[in-house]
Amino acid sequence: MKVVTWNVNSIRTRLERALRWLEREAPDVLCLQELKCTEEQFPFESLSEVGYTSSVHGQKTYNGVAILSRSEPSDVERGFGDGVEDEQARMISARVAGVRILSLYVPNGSEVGSEKYAYKLEWMQRLREYLERACQPSEPLLLCGDFNVAPDDLDVAQPENWNETVLCHSEVRAALARILDWGLVDSFRQRHPQEVAYTWWDYRNLGFPRNEGLRIDHILATEPLSRRCVDVAIDRNERKGKKPSDHAPLYIILED
DNA sequence: ATGGTTGCTTAGCAA
């Protein structure tokens with residue numbers, strides 16, 4: 001089973017790329033973030049024509065997440081269901097082929113000390129509480145998405161430029177550690193303990209050509225799935241060429 | 001050098 005997470009930075013702008021990529025890679029599941037459209041605007045038909053059913057939690061202009069699957073999903077949920085009034089579409093979950101999958105877009109946080117930063121920390125705490133309330137570490141579960149957190153300086157091309165900013169701050173790293181402590185592993189880092197690799201490169205300042213990136217997209221797995229993991233990798237090629245997203249897809253292969 | 005890029009929406013915000 002191949003499961004992929006990809007911040008597409010607008011599904012409508014990236015549609016042709018996404019379709020060609022799906023035809024080539026044929027994953028079982030594709031988690032998307034930053035759709036930047038409502039469910040009404042989402043291209044269900046085009047994706048259906050290449051073999052995927054889409055479960056969508058959309059929002060006008062910003063955010064938006066989806067789970068695309070070859071087989072029919074069940075138990076689709078949008079948001080944490082924790083009673084918090086929150087307009088931002090950053091979480092959708094579904095069960096596919098016996099695996100519960102979450103597609104997550106963790107808030108960026110803008111600047112340390114801002115309202116957006118406080119929202120990021122609160123949102124990560126709500127995710128931890130959702131795990132405690134609705135999930136079990138013993139179940140097959142994947143958290144896929146743009147976490148907007150580089151877990152370690154090893155995951156940052158120029159740590160001195162990002163020191164204590166929103167993607168690297170000790171508080172957000174601790175918040176991610178709290179989520180992992182519930183019963184998840186960073187599948188990429190488990191598979192490649194020392195590898196230097198990034199999933200996001202800024203559009204500005206020749207970030208990609210200079211490989212000045214950060215590893216902020218992650219697939220977190222519970223033990224029943226980390227045990228089945230045979231590969232985790234970043235599709236760096238998808239960041240190349242005309243009109244790429246600023247993020248590359250990250251995938252995990254699970255043996256059946 | 002207070003820069004640079006992209007997307008959504010239309011000049012300002014978010015990333």
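Below, chain A is the first sequence line, B the second, and so on; all start at residue 1. Source: prediction; values computed, not measured.
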* Quantified in whole Å, what is the C1' atom distance between nucleotide B:dG12 and nucleotide B:dA1? -> 24 Å
* Asked: Rounding to a whole Å, what distance do you find between A:L206:CG and B:dT5:C1'?
  -> 10 Å
* Asked: Under 3.5 Å, is there a donor-acceptor pair linking the side chains of A:D146 and A:W200?
  -> no
* Asked: For A:R12 and B:dG7, what is the distance between atoms CZ and P respectively, to the nearest whole Å?
  -> 12 Å
* Pairs meeting criterion salt bridge (Lys or Arg N to Asp or Glu O under 4.0 Å) with involvement of residues 169-179 of chain A, two or more places apart -> A:D153-A:R173
* Between the side chain of A:K120 and the main-chain N/O of A:N108, is any donor-acceptor distance below 3.5 Å? -> yes
* Asked: Just how far, in rounded Å, is P of B:dT6 from NZ of A:K242?
  -> 12 Å
* Asked: When the distance from CG of A:N205 to P of B:dT6 is rounded to whole Å, what number comes out?
  -> 12 Å
* Asked: Is the backbone N or O of A:I179 less than 3.5 Å from a side-chain atom of A:R128, with the two atoms forming a donor-acceptor pair by type?
  -> no
For nucleotides 13-15 of chain B, list the nitrogen or oxygen atoms of the protein found under 3.5 Å from its nitrogen or oxygen atoms, one pair per line.
residue : atom : partner : partner atom : Å
B:dA14  : OP1  : A:K116  : NZ           : 3.3
B:dA14  : OP2  : A:K116  : NZ           : 3.3

* Asked: Going by atom types alone, do A:K36 and A:N9 pair a side-chain donor with an acceptor below 3.5 Å?
  -> yes
* Between A:R14 (CZ) and B:dC8 (C1'), how many Å, whole number? -> 12 Å
* Is the shortest distance from a Lys or Arg side-chain nitrogen in A:E129 or A:R126 to a carboxylate oxygen in the other one below 4.0 Å? -> no
* **Whole-Å gap separating C1' (B:dG7) and CD (A:Q41)** => 13 Å
* Between B:dG7 (C1') and A:K60 (NZ): distance, integer Å -> 13 Å
